[in-house]
Amino acid sequence: MTWIGFDFYRSVIVRLAHTMSDARSSARDVRVISQSVAVAAARDRDAHSRIRKIEEVTAQARRASELAVYRPVNRSRRSASVLFVTSNGSGMGHLTRLMAIAEAGRKDFQSQFLSLSSAAGVAADRGYTTFAVESQSRSGLGWSEWNRQFSEVFADVLHETRPAAVAFDGVQIFRGLTERTRAASIPLAWICRGLWKENVPRDQLVHWRDFADQLILPTEGSLFAAEHSIPASVADGCVVLPIVMTTQADLLSRDDACRALGLRSDHKNVLIQLGSGALQSREEMERVAVASVRALGGNWNPVVLRSPLTQRSETPEDSIRVVLRKYPVAPAIRAFEFSITAAGYNTVHENIVARHPGIYCPDAAMLADDQAARAASVASKGGGVVATTLEELAEGVKRMARSEARELIKSRLTLLDGSTGNAAAAAVLSELARGANSSIRLSLRRIGPVVTEDGSLRA
(Lines give C-alpha, C1' and ligand atoms only; values in the text may rest on other atoms or scores of the structure.)
Protein backbone atom coordinates (compact mmCIF):
# COMPACT_ATOMS: atom_id res chain seq x y z
CA MET A 1 0.00 0.00 0.00
CA THR A 2 1.25 3.46 -0.86
CA TRP A 3 0.59 6.14 1.76
CA ILE A 4 0.16 9.68 0.43
CA GLY A 5 0.31 12.51 2.95
CA PHE A 6 -0.47 16.12 2.11
CA ASP A 7 2.83 17.96 2.12
CA PHE A 8 4.77 20.49 0.09
CA TYR A 9 6.53 17.60 -1.62
CA ARG A 10 3.48 15.35 -1.84
CA SER A 11 4.41 13.96 -5.26
CA VAL A 12 7.91 13.11 -4.01
CA ILE A 13 6.38 10.82 -1.41
CA VAL A 14 4.53 9.01 -4.16
CA ARG A 15 7.65 8.59 -6.29
CA LEU A 16 9.87 7.52 -3.42
CA ALA A 17 7.33 5.08 -2.01
CA HIS A 18 6.81 3.51 -5.43
CA THR A 19 10.53 3.34 -6.17
CA MET A 20 11.50 1.82 -2.85
CA SER A 21 8.68 -0.74 -2.88
CA ASP A 22 9.44 -1.89 -6.43
CA ALA A 23 11.71 -4.93 -6.21
CA ARG A 24 13.39 -3.96 -9.49
CA SER A 25 14.56 -0.55 -8.28
CA SER A 26 18.04 0.07 -6.96
CA ALA A 27 19.41 2.17 -4.15
CA ARG A 28 20.80 4.48 -6.82
CA ASP A 29 17.26 5.27 -8.05
CA VAL A 30 16.29 6.42 -4.58
CA ARG A 31 19.44 8.53 -4.24
CA VAL A 32 18.88 10.20 -7.61
CA ILE A 33 15.32 11.18 -6.72
CA SER A 34 16.35 12.44 -3.28
CA GLN A 35 19.25 14.44 -4.70
CA SER A 36 17.17 16.03 -7.45
CA VAL A 37 14.59 17.19 -4.93
CA ALA A 38 17.30 18.48 -2.59
CA VAL A 39 18.76 20.56 -5.45
CA ALA A 40 15.33 22.02 -6.21
CA ALA A 41 14.86 22.84 -2.56
CA ALA A 42 18.27 24.50 -2.34
CA ARG A 43 17.21 26.96 -5.03
CA ASP A 44 14.31 28.07 -2.90
CA ARG A 45 14.63 31.35 -1.00
CA ASP A 46 14.14 29.45 2.24
CA ALA A 47 16.59 26.67 1.40
CA HIS A 48 17.43 25.46 4.88
CA SER A 49 13.84 24.96 5.96
CA ARG A 50 13.05 23.30 2.63
CA ILE A 51 15.97 20.91 3.01
CA ARG A 52 14.78 19.99 6.48
CA LYS A 53 11.36 19.42 4.97
CA ILE A 54 12.91 17.14 2.34
CA GLU A 55 14.58 15.11 5.06
CA GLU A 56 11.27 14.74 6.88
CA VAL A 57 9.43 13.78 3.70
CA THR A 58 12.11 11.30 2.68
CA ALA A 59 11.93 9.65 6.09
CA GLN A 60 8.14 9.56 5.81
CA ALA A 61 8.38 7.99 2.38
CA ARG A 62 10.85 5.37 3.60
CA ARG A 63 8.54 4.44 6.48
CA ALA A 64 5.60 4.27 4.10
CA SER A 65 7.44 2.07 1.64
CA GLU A 66 8.51 -0.33 4.38
CA LEU A 67 4.84 -0.88 5.20
CA ALA A 68 3.62 -0.59 1.62
CA VAL A 69 2.54 -3.43 -0.60
CA TYR A 70 2.86 -2.02 -4.09
CA ARG A 71 1.64 -4.32 -6.82
CA PRO A 72 2.40 -3.21 -10.38
CA VAL A 73 -0.53 -3.60 -12.76
CA ASN A 74 -0.28 -6.41 -15.30
CA ARG A 75 -2.06 -4.83 -18.26
CA SER A 76 -1.44 -7.79 -20.57
CA ARG A 77 -4.03 -9.92 -18.79
CA ARG A 78 -7.04 -7.62 -19.15
CA SER A 79 -7.39 -4.40 -21.07
CA ALA A 80 -9.85 -2.66 -18.74
CA SER A 81 -9.06 -1.37 -15.27
CA VAL A 82 -11.16 0.43 -12.66
CA LEU A 83 -9.86 2.76 -9.94
CA PHE A 84 -12.14 2.50 -6.91
CA VAL A 85 -12.20 5.60 -4.71
CA THR A 86 -13.77 5.79 -1.25
CA SER A 87 -14.56 8.68 1.02
CA ASN A 88 -13.46 8.51 4.64
CA GLY A 89 -16.69 7.43 6.31
CA SER A 90 -17.18 6.54 9.95
CA GLY A 91 -17.25 2.79 9.31
CA MET A 92 -16.12 0.21 6.77
CA GLY A 93 -19.16 0.50 4.50
CA HIS A 94 -17.73 2.43 1.54
CA LEU A 95 -14.57 0.34 1.31
CA THR A 96 -16.35 -2.98 1.83
CA ARG A 97 -18.96 -2.22 -0.83
CA LEU A 98 -16.31 -1.38 -3.42
CA MET A 99 -14.27 -4.49 -2.61
CA ALA A 100 -17.41 -6.59 -3.09
CA ILE A 101 -17.85 -5.12 -6.57
CA ALA A 102 -14.16 -5.57 -7.35
CA GLU A 103 -14.36 -9.25 -6.35
CA ALA A 104 -17.42 -9.74 -8.57
CA GLY A 105 -15.63 -8.11 -11.51
CA ARG A 106 -12.30 -9.95 -11.28
CA LYS A 107 -12.86 -11.71 -14.61
CA ASP A 108 -13.76 -8.50 -16.41
CA PHE A 109 -11.41 -5.81 -15.14
CA GLN A 110 -8.45 -5.06 -12.93
CA SER A 111 -9.15 -3.16 -9.72
CA GLN A 112 -7.08 -0.61 -7.85
CA PHE A 113 -8.03 1.45 -4.81
CA LEU A 114 -7.59 4.98 -3.56
CA SER A 115 -9.11 5.47 -0.13
CA LEU A 116 -9.36 8.20 2.48
CA SER A 117 -10.11 5.56 5.12
CA SER A 118 -7.51 4.79 7.77
CA ALA A 119 -8.40 1.13 7.14
CA ALA A 120 -7.36 1.27 3.47
CA GLY A 121 -4.82 -1.46 4.16
CA VAL A 122 -7.56 -4.11 4.08
CA ALA A 123 -7.78 -3.61 0.30
CA ALA A 124 -4.03 -4.12 -0.04
CA ASP A 125 -4.35 -7.25 2.11
CA ARG A 126 -6.76 -8.65 -0.49
CA GLY A 127 -4.21 -8.17 -3.26
CA TYR A 128 -5.20 -4.80 -4.70
CA THR A 129 -2.84 -1.96 -5.51
CA THR A 130 -3.90 0.59 -2.92
CA PHE A 131 -3.26 4.29 -2.37
CA ALA A 132 -4.11 5.62 1.09
CA VAL A 133 -4.72 9.36 1.09
CA GLU A 134 -5.19 11.63 4.09
CA SER A 135 -8.78 12.60 4.78
CA GLN A 136 -9.65 16.23 5.50
CA SER A 137 -9.96 15.57 9.23
CA ARG A 138 -6.67 13.71 9.42
CA SER A 139 -4.78 16.27 7.35
CA GLY A 140 -5.76 19.16 9.61
CA LEU A 141 -6.42 21.36 6.57
CA GLY A 142 -9.50 23.47 5.94
CA TRP A 143 -11.94 22.09 3.41
CA SER A 144 -10.97 24.48 0.61
CA GLU A 145 -7.26 23.72 0.88
CA TRP A 146 -7.90 20.01 1.36
CA ASN A 147 -10.05 19.87 -1.80
CA ARG A 148 -7.31 21.63 -3.76
CA GLN A 149 -4.58 19.29 -2.57
CA PHE A 150 -6.73 16.20 -2.98
CA SER A 151 -7.32 17.19 -6.60
CA GLU A 152 -3.57 17.28 -7.19
CA VAL A 153 -3.01 13.94 -5.46
CA PHE A 154 -5.85 12.38 -7.43
CA ALA A 155 -4.34 13.66 -10.69
CA ASP A 156 -1.04 11.97 -9.78
CA VAL A 157 -2.80 8.69 -9.04
CA LEU A 158 -4.73 8.85 -12.32
CA HIS A 159 -1.44 9.34 -14.16
CA GLU A 160 0.12 6.43 -12.26
CA THR A 161 -2.73 3.95 -12.70
CA ARG A 162 -4.29 5.09 -16.00
CA PRO A 163 -7.69 3.49 -15.32
CA ALA A 164 -10.39 3.01 -17.95
CA ALA A 165 -13.00 4.12 -15.39
CA VAL A 166 -13.23 5.52 -11.86
CA ALA A 167 -15.86 4.39 -9.35
CA PHE A 168 -16.49 6.52 -6.26
CA ASP A 169 -18.48 5.45 -3.20
CA GLY A 170 -19.61 8.20 -0.86
CA VAL A 171 -22.43 10.55 0.05
CA GLN A 172 -20.99 13.59 -1.77
CA ILE A 173 -18.64 13.71 -4.77
CA PHE A 174 -15.50 15.78 -4.26
CA ARG A 175 -14.91 18.52 -6.80
CA GLY A 176 -11.51 17.12 -7.77
CA LEU A 177 -12.99 13.78 -8.79
CA THR A 178 -15.28 15.39 -11.34
CA GLU A 179 -12.75 17.86 -12.69
CA ARG A 180 -9.79 15.50 -12.98
CA THR A 181 -11.69 12.59 -14.56
CA ARG A 182 -13.29 14.99 -17.01
CA ALA A 183 -9.91 16.50 -17.93
CA ALA A 184 -8.51 13.00 -18.51
CA SER A 185 -11.61 11.81 -20.44
CA ILE A 186 -12.12 9.01 -17.91
CA PRO A 187 -15.74 8.05 -17.13
CA LEU A 188 -16.78 8.44 -13.49
CA ALA A 189 -19.35 6.25 -11.74
CA TRP A 190 -20.92 7.27 -8.43
CA ILE A 191 -21.98 4.42 -6.16
CA CYS A 192 -24.35 5.72 -3.53
CA ARG A 193 -26.51 3.64 -1.22
CA GLY A 194 -29.74 5.22 -0.10
CA LEU A 195 -31.63 5.44 3.19
CA TRP A 196 -30.20 8.82 4.09
CA LYS A 197 -31.35 10.86 7.04
CA GLU A 198 -33.80 13.61 6.19
CA ASN A 199 -31.34 16.45 6.88
CA VAL A 200 -28.68 15.25 4.41
CA PRO A 201 -28.42 17.50 1.30
CA ARG A 202 -29.59 15.71 -1.85
CA ASP A 203 -28.92 18.32 -4.53
CA GLN A 204 -25.91 16.44 -5.92
CA LEU A 205 -27.83 13.19 -6.03
CA VAL A 206 -30.81 14.73 -7.82
CA HIS A 207 -28.52 16.39 -10.38
CA TRP A 208 -26.01 13.54 -10.54
CA ARG A 209 -25.40 13.88 -14.28
CA ASP A 210 -23.65 17.18 -13.60
CA PHE A 211 -21.01 15.32 -11.59
CA ALA A 212 -20.71 11.75 -12.94
CA ASP A 213 -21.34 9.59 -16.01
CA GLN A 214 -23.12 6.76 -14.20
CA LEU A 215 -25.01 6.39 -10.93
CA ILE A 216 -25.29 3.00 -9.22
CA LEU A 217 -27.84 2.82 -6.40
CA PRO A 218 -27.62 -0.21 -4.08
CA THR A 219 -31.06 -0.63 -2.49
CA GLU A 220 -32.17 -2.03 0.85
CA GLY A 221 -33.53 -5.17 -0.81
CA SER A 222 -36.44 -6.74 1.04
CA LEU A 223 -36.34 -4.17 3.83
CA PHE A 224 -37.70 -1.26 1.81
CA ALA A 225 -39.14 -0.65 -1.63
CA ALA A 226 -36.50 1.03 -3.79
CA GLU A 227 -38.47 4.27 -3.92
CA HIS A 228 -38.42 4.47 -0.11
CA SER A 229 -34.64 4.51 0.23
CA ILE A 230 -33.91 6.40 -3.00
CA PRO A 231 -35.38 9.88 -3.67
CA ALA A 232 -38.10 9.78 -6.31
CA SER A 233 -36.49 12.77 -8.04
CA VAL A 234 -33.37 10.73 -8.87
CA ALA A 235 -33.74 9.74 -12.51
CA ASP A 236 -31.86 7.33 -14.76
CA GLY A 237 -29.72 5.77 -12.04
CA CYS A 238 -28.88 2.06 -12.20
CA VAL A 239 -30.74 0.45 -9.28
CA VAL A 240 -29.24 -2.81 -7.98
CA LEU A 241 -29.88 -5.20 -5.11
CA PRO A 242 -27.84 -4.82 -1.87
CA ILE A 243 -24.09 -5.01 -2.36
CA VAL A 244 -22.35 -7.03 0.36
CA MET A 245 -18.96 -8.68 0.66
CA THR A 246 -20.07 -12.11 1.88
CA THR A 247 -22.46 -14.39 -0.01
CA GLN A 248 -23.97 -17.76 0.91
CA ALA A 249 -21.14 -19.53 -0.93
CA ASP A 250 -18.56 -17.82 1.34
CA LEU A 251 -20.05 -19.01 4.64
CA LEU A 252 -18.05 -21.51 6.68
CA SER A 253 -19.58 -24.32 8.68
CA ARG A 254 -19.82 -23.71 12.43
CA ASP A 255 -16.82 -25.90 13.26
CA ASP A 256 -14.68 -24.38 10.51
CA ALA A 257 -15.75 -20.88 11.56
CA CYS A 258 -14.76 -21.51 15.18
CA ARG A 259 -11.39 -22.84 14.09
CA ALA A 260 -10.84 -19.85 11.81
CA LEU A 261 -11.50 -17.45 14.70
CA GLY A 262 -9.78 -19.48 17.40
CA LEU A 263 -13.02 -19.99 19.34
CA ARG A 264 -14.19 -23.07 21.19
CA SER A 265 -17.04 -24.82 19.40
CA ASP A 266 -18.43 -26.14 22.70
CA HIS A 267 -19.10 -22.55 23.81
CA LYS A 268 -22.10 -20.44 22.89
CA ASN A 269 -20.32 -17.49 21.35
CA VAL A 270 -21.97 -14.08 20.93
CA LEU A 271 -20.49 -11.49 18.58
CA ILE A 272 -20.41 -7.91 19.89
CA GLN A 273 -19.46 -5.14 17.49
CA LEU A 274 -21.15 -1.79 18.06
CA GLY A 275 -19.31 0.27 15.47
CA SER A 276 -15.90 1.79 14.94
CA GLY A 277 -16.41 4.54 17.51
CA ALA A 278 -15.18 7.03 14.93
CA LEU A 279 -17.93 9.52 15.73
CA GLN A 280 -18.74 8.76 19.35
CA SER A 281 -17.82 6.20 21.96
CA ARG A 282 -20.20 3.30 22.55
CA GLU A 283 -18.18 1.80 25.36
CA GLU A 284 -21.06 1.85 27.85
CA MET A 285 -23.31 -0.10 25.49
CA GLU A 286 -20.49 -2.54 24.82
CA ARG A 287 -19.94 -2.99 28.56
CA VAL A 288 -23.63 -3.78 29.11
CA ALA A 289 -23.62 -6.20 26.16
CA VAL A 290 -20.66 -8.10 27.57
CA ALA A 291 -22.12 -8.17 31.09
CA SER A 292 -25.52 -9.33 29.83
CA VAL A 293 -24.02 -12.23 27.92
CA ARG A 294 -21.88 -13.24 30.88
CA ALA A 295 -24.96 -13.09 33.12
CA LEU A 296 -26.49 -15.90 31.08
CA GLY A 297 -24.03 -18.22 32.80
CA GLY A 298 -23.07 -21.66 31.54
CA ASN A 299 -20.83 -21.64 28.50
CA TRP A 300 -22.05 -18.36 27.02
CA ASN A 301 -19.07 -16.42 25.73
CA PRO A 302 -19.04 -12.71 24.69
CA VAL A 303 -16.68 -12.06 21.78
CA VAL A 304 -15.86 -8.40 21.12
CA LEU A 305 -14.88 -7.52 17.58
CA ARG A 306 -12.71 -4.46 17.03
CA SER A 307 -13.09 -2.61 13.73
CA PRO A 308 -9.92 -1.85 11.73
CA LEU A 309 -10.88 1.79 12.32
CA THR A 310 -10.92 1.47 16.11
CA GLN A 311 -8.10 3.47 17.70
CA ARG A 312 -8.75 2.71 21.37
CA SER A 313 -6.25 0.61 23.26
CA GLU A 314 -7.34 -2.45 25.16
CA THR A 315 -8.50 -1.95 28.74
CA PRO A 316 -7.85 -4.26 31.70
CA GLU A 317 -11.38 -5.62 31.20
CA ASP A 318 -10.38 -6.81 27.73
CA SER A 319 -8.03 -9.32 29.31
CA ILE A 320 -10.96 -11.31 30.71
CA ARG A 321 -12.94 -11.55 27.49
CA VAL A 322 -12.21 -12.60 23.95
CA VAL A 323 -11.30 -9.68 21.68
CA LEU A 324 -11.03 -10.25 17.94
CA ARG A 325 -9.45 -7.99 15.34
CA LYS A 326 -10.69 -9.74 12.25
CA TYR A 327 -11.89 -8.41 8.90
CA PRO A 328 -14.11 -9.53 7.37
CA VAL A 329 -15.75 -11.66 10.05
CA ALA A 330 -18.96 -12.35 8.09
CA PRO A 331 -17.73 -15.62 6.46
CA ALA A 332 -17.34 -17.02 10.00
CA ILE A 333 -20.65 -15.72 11.34
CA ARG A 334 -21.90 -19.28 12.04
CA ALA A 335 -19.45 -19.43 14.94
CA PHE A 336 -21.92 -17.23 16.84
CA GLU A 337 -25.37 -17.95 18.28
CA PHE A 338 -26.36 -14.34 17.64
CA SER A 339 -24.75 -10.94 17.35
CA ILE A 340 -25.08 -7.52 18.99
CA THR A 341 -24.16 -4.84 16.48
CA ALA A 342 -24.94 -1.42 15.08
CA ALA A 343 -27.43 -1.36 12.21
CA GLY A 344 -25.08 -0.44 9.38
CA TYR A 345 -25.83 -1.35 5.79
CA ASN A 346 -23.23 -4.11 5.47
CA THR A 347 -23.96 -5.73 8.83
CA VAL A 348 -27.72 -5.95 8.38
CA HIS A 349 -27.61 -7.22 4.81
CA GLU A 350 -24.83 -9.72 5.52
CA ASN A 351 -26.96 -11.07 8.37
CA ILE A 352 -29.90 -11.42 5.97
CA VAL A 353 -27.72 -13.34 3.52
CA ALA A 354 -26.43 -15.62 6.31
CA ARG A 355 -29.86 -15.97 8.03
CA HIS A 356 -28.15 -14.85 11.22
CA PRO A 357 -30.16 -13.48 14.20
CA GLY A 358 -29.03 -10.15 15.58
CA ILE A 359 -29.74 -7.47 18.15
CA TYR A 360 -29.41 -4.12 16.41
CA CYS A 361 -28.35 -1.01 18.32
CA PRO A 362 -28.67 1.84 15.79
CA ASP A 363 -25.88 4.41 15.91
CA ALA A 364 -27.60 7.80 15.98
CA ALA A 365 -24.27 9.60 15.44
CA MET A 366 -24.03 8.54 11.79
CA LEU A 367 -23.97 11.64 9.62
CA ALA A 368 -26.04 10.29 6.72
CA ASP A 369 -27.03 6.65 7.30
CA ASP A 370 -30.50 6.19 8.84
CA GLN A 371 -29.66 3.16 10.96
CA ALA A 372 -32.77 3.56 13.10
CA ALA A 373 -35.02 3.11 10.05
CA ARG A 374 -33.06 0.08 8.85
CA ALA A 375 -33.16 -1.61 12.27
CA ALA A 376 -36.88 -0.90 12.66
CA SER A 377 -37.60 -2.41 9.25
CA VAL A 378 -35.72 -5.67 9.83
CA ALA A 379 -37.34 -6.01 13.26
CA SER A 380 -40.82 -5.42 11.81
CA LYS A 381 -40.23 -8.38 9.51
CA GLY A 382 -39.18 -10.58 12.43
CA GLY A 383 -35.56 -10.66 11.30
CA GLY A 384 -34.00 -9.23 14.44
CA VAL A 385 -34.39 -7.25 17.66
CA VAL A 386 -33.90 -3.50 18.11
CA ALA A 387 -32.27 -2.06 21.25
CA THR A 388 -31.93 1.70 21.58
CA THR A 389 -31.39 1.81 25.37
CA LEU A 390 -29.23 -0.15 27.79
CA GLU A 391 -32.37 -1.71 29.31
CA GLU A 392 -33.64 -2.85 25.91
CA LEU A 393 -30.23 -4.34 25.18
CA ALA A 394 -30.19 -6.38 28.38
CA GLU A 395 -33.73 -7.65 27.69
CA GLY A 396 -32.81 -8.44 24.09
CA VAL A 397 -29.92 -10.63 25.23
CA LYS A 398 -32.23 -12.59 27.52
CA ARG A 399 -34.64 -13.11 24.64
CA MET A 400 -31.93 -14.23 22.23
CA ALA A 401 -30.63 -16.73 24.78
CA ARG A 402 -33.72 -18.85 24.09
CA SER A 403 -33.05 -21.21 21.19
CA GLU A 404 -36.69 -21.07 20.05
CA ALA A 405 -36.44 -17.27 19.69
CA ARG A 406 -33.32 -17.58 17.55
CA GLU A 407 -34.86 -20.27 15.38
CA LEU A 408 -37.95 -18.15 14.81
CA ILE A 409 -35.82 -15.23 13.64
CA LYS A 410 -33.87 -17.52 11.30
CA SER A 411 -37.10 -18.79 9.79
CA ARG A 412 -38.31 -15.22 9.22
CA LEU A 413 -34.99 -14.30 7.61
CA THR A 414 -35.43 -17.09 5.06
CA LEU A 415 -38.49 -15.19 3.80
CA LEU A 416 -36.33 -12.16 2.97
CA ASP A 417 -34.53 -12.10 -0.37
CA GLY A 418 -30.82 -12.52 0.26
CA SER A 419 -29.79 -11.92 -3.35
CA THR A 420 -27.04 -9.38 -3.95
CA GLY A 421 -26.30 -6.77 -6.60
CA ASN A 422 -22.54 -7.34 -6.68
CA ALA A 423 -22.44 -8.85 -10.18
CA ALA A 424 -24.89 -6.31 -11.61
CA ALA A 425 -22.80 -3.39 -10.33
CA ALA A 426 -19.60 -4.98 -11.67
CA ALA A 427 -21.25 -5.43 -15.08
CA VAL A 428 -22.17 -1.74 -15.20
CA LEU A 429 -18.57 -0.74 -14.41
CA SER A 430 -17.19 -3.20 -16.95
CA GLU A 431 -19.39 -1.69 -19.64
CA LEU A 432 -18.38 1.81 -18.59
CA ALA A 433 -14.68 0.93 -18.63
CA ARG A 434 -14.87 -0.61 -22.08
CA GLY A 435 -17.15 2.04 -23.56
CA ALA A 436 -16.73 5.50 -24.96
CA ASN A 437 -14.92 8.35 -23.24
CA SER A 438 -16.63 10.49 -20.65
CA SER A 439 -19.48 12.61 -21.97
CA ILE A 440 -19.83 14.53 -18.72
CA ARG A 441 -21.27 18.04 -18.99
CA LEU A 442 -20.50 20.28 -16.03
CA SER A 443 -23.14 22.69 -14.85
CA LEU A 444 -22.55 26.16 -13.45
CA ARG A 445 -23.51 24.90 -10.00
CA ARG A 446 -20.88 24.28 -7.39
CA ILE A 447 -19.17 20.94 -7.95
CA GLY A 448 -18.43 18.77 -4.95
CA PRO A 449 -19.89 18.97 -1.45
CA VAL A 450 -20.99 22.41 -0.33
CA VAL A 451 -19.19 22.75 3.00
CA THR A 452 -18.23 25.41 5.48
CA GLU A 453 -14.73 25.67 6.89
CA ASP A 454 -15.75 23.53 9.85
CA GLY A 455 -16.75 20.76 7.46
CA SER A 456 -20.53 20.93 7.94
CA LEU A 457 -22.66 20.36 4.85
CA ARG A 458 -24.93 23.08 3.47
CA ALA A 459 -27.85 22.55 1.11
Would a 4.5 Å heavy-atom cut-off, applied to side chains only, mark [X] and [Y] as touching?
{"X": "Glu431", "Y": "Gln214", "result": "no"}
{"X": "Trp143", "Y": "Phe174", "result": "yes"}
{"X": "Leu205", "Y": "Leu215", "result": "yes"}
{"X": "Glu350", "Y": "Ile333", "result": "no"}
{"X": "Thr219", "Y": "Pro242", "result": "yes"}
{"X": "Val428", "Y": "Val240", "result": "no"}
{"X": "Ile243", "Y": "Arg193", "result": "no"}
{"X": "His349", "Y": "Leu223", "result": "yes"}

Ignoring hydrogens and angles, tell me if any N or O in the side chain of [X] forms a donor-acceptor pair with the backbone of [Y] under 3.5 Å.
{"X": "Asp250", "Y": "Thr247", "answer": "yes"}
{"X": "Gln149", "Y": "Glu145", "answer": "no"}
{"X": "Thr178", "Y": "Phe211", "answer": "yes"}
{"X": "Asp213", "Y": "Leu188", "answer": "yes"}
{"X": "Gln371", "Y": "Ala364", "answer": "no"}
{"X": "Asn422", "Y": "Val244", "answer": "yes"}
{"X": "Ser377", "Y": "Arg374", "answer": "no"}
{"X": "Trp146", "Y": "Ser137", "answer": "no"}
{"X": "Trp190", "Y": "Gly170", "answer": "yes"}

Gap separating the [atom1] atom of [X] from the [atom2] atom of [Y], nearest 0.5 angstrom:
{"X": "Thr181", "Y": "Ile173", "atom1": "OG1", "atom2": "CD1", "result": "8.5 Å"}
{"X": "Thr96", "Y": "Ile101", "atom1": "OG1", "atom2": "CD1", "result": "11.5 Å"}
{"X": "Asn351", "Y": "Leu271", "atom1": "CG", "atom2": "CG", "result": "8.5 Å"}
{"X": "Asp156", "Y": "Thr161", "atom1": "CG", "atom2": "OG1", "result": "10.5 Å"}
{"X": "Gln273", "Y": "Cys361", "atom1": "CD", "atom2": "SG", "result": "11.0 Å"}
{"X": "Arg180", "Y": "His159", "atom1": "CZ", "atom2": "NE2", "result": "12.5 Å"}

Minimum heavy-atom distance between [X] and [Y], given as atom pair plus value:
{"X": "Ile216", "Y": "Leu429", "value": "CD1-CD2, 4.0 Å"}
{"X": "Asp169", "Y": "His94", "value": "OD1-ND1, 2.6 Å"}
{"X": "Gly176", "Y": "Phe154", "value": "O-CD2, 3.8 Å"}
{"X": "Ser115", "Y": "Ala120", "value": "CB-CB, 3.8 Å"}
{"X": "Ala330", "Y": "Thr246", "value": "CB-OG1, 3.2 Å"}
{"X": "Gln136", "Y": "Leu141", "value": "NE2-O, 2.7 Å"}

> Which residue pairs satisfy the side-chain hydrogen bond (donor to acceptor under 3.5 Å, both in side chains) criterion with at least one member in residues 339-348, sequence neighbours excluded?
Replying inline: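 Those involving residues 339-348 are Ser339-His356.
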
> In terms of side-chain geometry, is the basic nitrogen of Glu284 or Arg287 positioned less than 4.0 Å from the acidic oxygen of its partner?
Replying inline: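 Salt bridge present between Glu284 and Arg287.
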
> What residues form a side-chain contact (heavy atoms from CB on, under 4.5 Å) with Ala102, not counting sequence neighbours?
Replying inline: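 Per chain and number, Ala102 pairs via side-chain contact (heavy atoms from CB on, under 4.5 Å) with Phe84, Ser111, Phe113, Tyr128.
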
> Please walk me through it: do Glu179 and Arg182 pass salt bridge (charged side-chain N to carboxylate O under 4.0 Å, His left out)?
Replying inline: CA-CA 5 Å; Glu179 292 181 333; Arg182 178 175 183 257; over 6 Å; no

>> Walk me through whether Leu83 and Leu114 qualify under side-chain contact (heavy atoms from CB on, under 4.5 Å).
In response: CA-CA 7 Å; Leu83 175 64; Leu114 183 155; 4.3 Å; yes

>> Quick test of your reading: applying salt bridge (Lys or Arg N to Asp or Glu O under 4.0 Å), list the pairs with at least one residue in residues 338-347, sequence neighbours left out, ordered by first then second residue.
In response: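 Every candidate salt bridge (Lys or Arg N to Asp or Glu O under 4.0 Å) pair involving residues 338-347 fails, so no pair, neighbours aside, qualifies.
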
>> Let's go through Ser81 and Arg162 carefully: what are the C-alpha distance in whole Å and the side-chain angles of both, what is the deciding distance for side-chain contact (heavy atoms from CB on, under 4.5 Å) to 0.1 Å, and is it a yes or a no?
In response: CA-CA 8 Å; Ser81 66; Arg162 301 185 184 278; over 6 Å; no

>> side-chain contact (heavy atoms from CB on, under 4.5 Å) for Phe336 and Leu261? Distances and angles first, verdict last.
In response: CA-CA 11 Å; Phe336 305 99; Leu261 298 178; 3.6 Å; yes

